Structure formats: structure tokens, C-alpha cells
Amino acid sequence: MIRVENLTIRFGPVTAVRDVSFSIAEGEAFGLVGESGSGKSTVLRTIMGLNSDWSGVITVDGTPVRQTGRKALARLAQMVFQDPYASLHPRFAIGQIIAEPMKLHGMSGIEARTDSLLEMIGLGPSFRFRFPHELSGGQRQRVAIARALALEPRILVLDEPTSALDVSIQAEILNLLNRLRRKLNLTFLLVSHDLAVISYMCDRLAIMRDAQMVEVLSREDLRQRNLKQTYSAELVQSSLVGATFG
């Protein structure tokens, strides 16, 4: 569903990502993990067409991103951002927020689909008329997920989707995402600095450091500490404090 080859991304004289390659199969969940500034979120934004100064190859469902219009790409892949407080329009009711992408794309049955999406994320149609400030952080992130699903994409690109939430709520959102992935046969590309989240959510992961990819591991490699690179071992060791890879 996603293929990235020799991706290099620049911001003026600064190289933010250097020669990164990976692929994600249909229905797979793939994680990018690394310290802040390693380039992982920049990779996500570039796949979604939000950066222009890059070289290499990016294809989504077999189509080169450079040859895919923004509307066509939006029907294939949607992004869920880190902060649910900032990603929802404060003056739009929840129903409007979810319906807006469908209106822009000329979809039919918008009201019924909005209600269905609210049911799917565990809120229900009564939330249509509430505003973001009336919701908790976890509820807002559920709305952001519903909005991302409105166009029936095949891919969700998730940028630290639980890091802005209370720890007690994080597991609820991760479990919701896993249920939706199975139900809708979604493909996930997930960025997190939290290896426990990556281990729980992803079939495979890539570790990034200083704009480059260090190594690609399976979930079992991570759990068994089957690591080839010294940095990977150091990253896992530093994450062990207070964390369990499940």
C-alpha cells in the first residue's frame, strides 16, 4: 500500500531525512520510532503531500504521490494528528467537522454516514451537536479519527495519536484503532517515540536516528531484543524504565 525508496527530504540547506526506504503491505501496521528530530514525522507529512522539497520514490496504492492529486490522495490516505485540541475547528459542531470532508468530495448520504461514524468510534449520534470544547481529550481524538475515516480511506497515517492524552485514555484510543483496523482492513503508518505503543500496535517497525533509518524489525524481534544495531539496543534499553512491550 505504501512504498518509499531512497527518500531524502530537505528544508533549505538542512537535510531532514536521508535515503530512507521501506514498504507497507495492505492491512499491515508499520511504525516509525526514534528520538525527537530523527525525521519520523517529516516522513509522514511528505507521504501525505505536505512537503515539496524531496527526492526519491513514494507510491500509495501503486500510484506515485507526485502524480496523485490532493483529492485523490485524500480518498486513499488520511492523517490523524497528535493534538486533538488543535486539530478540530473550535467553531464547528462535531457533526460538521466529520461531514466537511464528505461535502468537499461530493459524497452522498452524508448525515447517515456521520451518525454511523459516531457510532463506530463509540460516541453516538447525540454528539453531532456538541462542540470540541465540550468534549474530553479522548473524545476529541475519537472525533478526529471519525473525520479521518469519513472518506473511506484505505490508509491511516497516525502521528503520535495518543501522546497528548492522559495515560488512562491512551489504551482506549489504541484499542479503538486496532478494532477499526481489523473491521475496515486499514493499513497503518504510525509514528511514536514510545516503543511500548509501537510494539502493541505494529507488525513491523523502523528505528530512525539523525535523519536516517537504523534498522527494520518485526514485533517479535523487538520483544525478543533481537537487535542488530547498537543504537537500537540503546533505545530499547532506555525505554525499559516503566514500560512493558506487550
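Because the structure is predicted, anything quoted here is derived from the model rather than measured. Heavy-atom basis, side chains included; hydrogens, waters and symmetry copies ignored.
Using a distance-only test at 3.5 Å, with no hydrogens or angles considered, a donor-acceptor pair links the side chain of Thr68 to the main chain of Pro64. Remark: side-chain polar atoms of Thr8 are paired, donor with acceptor, to backbone N or O of Asp19 under 3.5 angstrom. Remark: side-chain polar atoms of Arg18 are not paired, donor with acceptor, to backbone N or O of Thr15 under 3.5 angstrom. The main-chain N or O of Ala25 is found under 3.5 Å from a side-chain atom of Glu28 such that the two form a donor-acceptor pair. At distances below 3.5 Å, at least one donor-acceptor pair connects side-chain atoms of Ser21 with backbone N or O atoms of Asn6. Looking only at distances, a side-chain donor or acceptor of Ser218 sits under 3.5 Å from a matching main-chain atom of Asp221. Distance alone, capped at 3.5 Å, is enough to place a donor-acceptor pair between the Ser192 side chain and the Asp194 backbone. Of the possible polar contacts, none joining the Ser199 side chain to the Leu195 backbone as a donor-acceptor pair under 3.5 Å is found. A donor-acceptor pair under 3.5 Å is formed between the side chain of Arg219 and the backbone N or O of Cys202. At least one donor-acceptor pair under 3.5 Å links the side chain of Arg181 to the backbone N or O of Gly27.
Atom CG of Leu32 is separated from atom CG of Leu190 by 8.5 Å, given to the nearest 0.5 angstrom. In this structure, the separation between CZ on Arg204 and CG on Leu217 is 10.0 Å, given to the nearest 0.5 Å. Separating the CD atom in Gln212 from the CD1 atom in Ile207 is a distance of 14.0 Å, to the nearest 0.5 Å. Taking CZ of Arg10 as the start and CG of Asn51 as the end, the distance is 13.0 Å to the nearest 0.5 Å. Between the CZ atom in Arg75 and the CD1 atom in Ile155 there is a gap of 14.0 Å [rounded to 0.5 Å]. Remark: Arg113 CZ to Glu152 CD distance equals 4.0 Å, nearest 0.5 Å.
Tyr85 and Leu123 fall into different hydrophobic clusters, where Ile, Leu, Val, Met, Phe, Trp and Tyr residues are linked whenever their side-chain heavy atoms come under 4.5 Å apart, directly or through other members. One hydrophobic cluster, built from ILVMFWY side chains closer than 4.5 Å, cannot hold both Val197 and Val216; they sit in different ones. Val143 and Phe81 end up in different hydrophobic clusters when Ile, Leu, Val, Met, Phe, Trp and Tyr side chains are linked at under 4.5 Å. Met107 and Leu118 end up in the same hydrophobic cluster when Ile, Leu, Val, Met, Phe, Trp and Tyr side chains are linked at under 4.5 Å. Under a hydrophobic-cluster definition in which Ile, Leu, Val, Met, Phe, Trp and Tyr are linked whenever side-chain heavy atoms come within less than 4.5 Å, directly or via other members, Leu135 and Leu117 are assigned to the same cluster.
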Note to self: The test is side chain to side chain contact (heavy atoms under 4.5 Å, CB included); show your working for Leu149 and Gln78 and say whether it passes.
What the structure shows: CA-CA 7 Å; Leu149 294 173; Gln78 282 287 316; over 6 Å; no

Notebook entry, point to check: Glu100 and Arg147: salt bridge (charged side-chain N to carboxylate O under 4.0 Å, His left out), yes or no, with the steps?
Noted result: CA-CA 8 Å; Glu100 188 68 14; Arg147 179 183 57 186; over 6 Å; no

Next item on the list: Dump the intermediate steps for side chain to side chain contact (heavy atoms under 4.5 Å, CB included) on Ile110 and Lys103, then the final yes or no.
Entry: CA-CA 8 Å; Ile110 291 175; Lys103 292 178 180 177; 3.7 Å; yes

Next item on the list: Show your reasoning for whether side chain to side chain contact (heavy atoms under 4.5 Å, CB included) applies to Met201 and Leu174.
Entry: CA-CA 7 Å; Met201 293 291 292; Leu174 295 177; 3.8 Å; yes

Next item on the list: Kindly indicate, with the supporting measurements, whether the criterion side chain to side chain contact (heavy atoms under 4.5 Å, CB included) is fulfilled by Gln141 and Val80.
Entry: CA-CA 8 Å; Gln141 195 64 302; Val80 176; 3.8 Å; yes

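In plain terms, the two heavy atoms of Pro153 and Ala148 that are nearest each other are CG-O, 3.2 Å. Minimum heavy-atom separation, Ala99 to Thr114: CB-OG1, 3.8 Å. For Asp115 against Pro125, the heavy-atom pair with the smallest separation is OD1-CB, 3.6 Å. The heavy-atom pair separating Val33 from Leu235 by the smallest distance is CG1-CD2, 4.5 Å. The shortest heavy-atom contact between Val43 and Val17 is CG2-CG2, 3.9 Å. The minimum heavy-atom distance between Pro132 and Pro90, with the atom names listed, is CD-O, 4.0 Å.
A donor atom on one side chain and an acceptor atom on the other are found under 3.5 Å apart for Ser232 and Glu215. A side-chain donor from one of Tyr200 and Asn175 sits under 3.5 Å from a side-chain acceptor of the other.
Between Gln139 and Ser136, the closest side-chain pair of non-hydrogen atoms falls below 4.5 Å. Side-chain atoms of Arg154 and Leu186, non-hydrogen and from C-beta on, never get closer than 4.5 Å to each other. Taking the side chain as every heavy atom from C-beta outward, Glu35 and Tyr231 approach each other to under 4.5 Å.
Salt-bridge annotation for Arg142 and Glu172: present, with a side-chain N of the basic residue lying under 4.0 Å from a carboxylate O of the acidic one.
Legend: salt bridge (charged side-chain N to carboxylate O under 4.0 Å, His left out) pairs involving residues 83-98, not counting sequence neighbours: none detected. Evaluation of the ring-ring contact (aromatic ring centres under 6.0 Å, His included) test over residues 17-54, restricted to residues two or more places apart or in two chains, returns Phe22-Phe30. Within the structure, no pair that satisfies the salt bridge (charged side-chain N to carboxylate O under 4.0 Å, His left out) test touches residues 38-54, not counting sequence neighbours. Residue pairs satisfying the ring-ring contact (aromatic ring centres under 6.0 Å, His included) criterion with at least one member in residues 142-189, sequence neighbours excluded, are absent. Screening residues 91-131 for ring-ring contact (aromatic ring centres under 6.0 Å, His included) gives His89-Phe92 as the qualifying pairs, with residues at least two apart or on separate chains.
In Glu111, the CD atom is not crowded: 12 or fewer heavy atoms of neighbouring residues, nucleotides or ligands sit closer than 6.0 Å.
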Donor-acceptor contacts under 3.5 Å from residues 156-168 side chains, at least two apart:
from, atom 1, to, atom 2, distance (Å)
Asp159, OD1, Ser41, OG, 2.9
Asp159, OD2, Ser41, OG, 3.4
Glu160, OE1, His193, ND1, 3.2
Glu160, OE2, His193, N, 3.1
Glu160, OE2, His193, ND1, 3.1
Ser163, OG, Gln82, NE2, 2.9
Ser163, OG, Glu160, O, 3.4

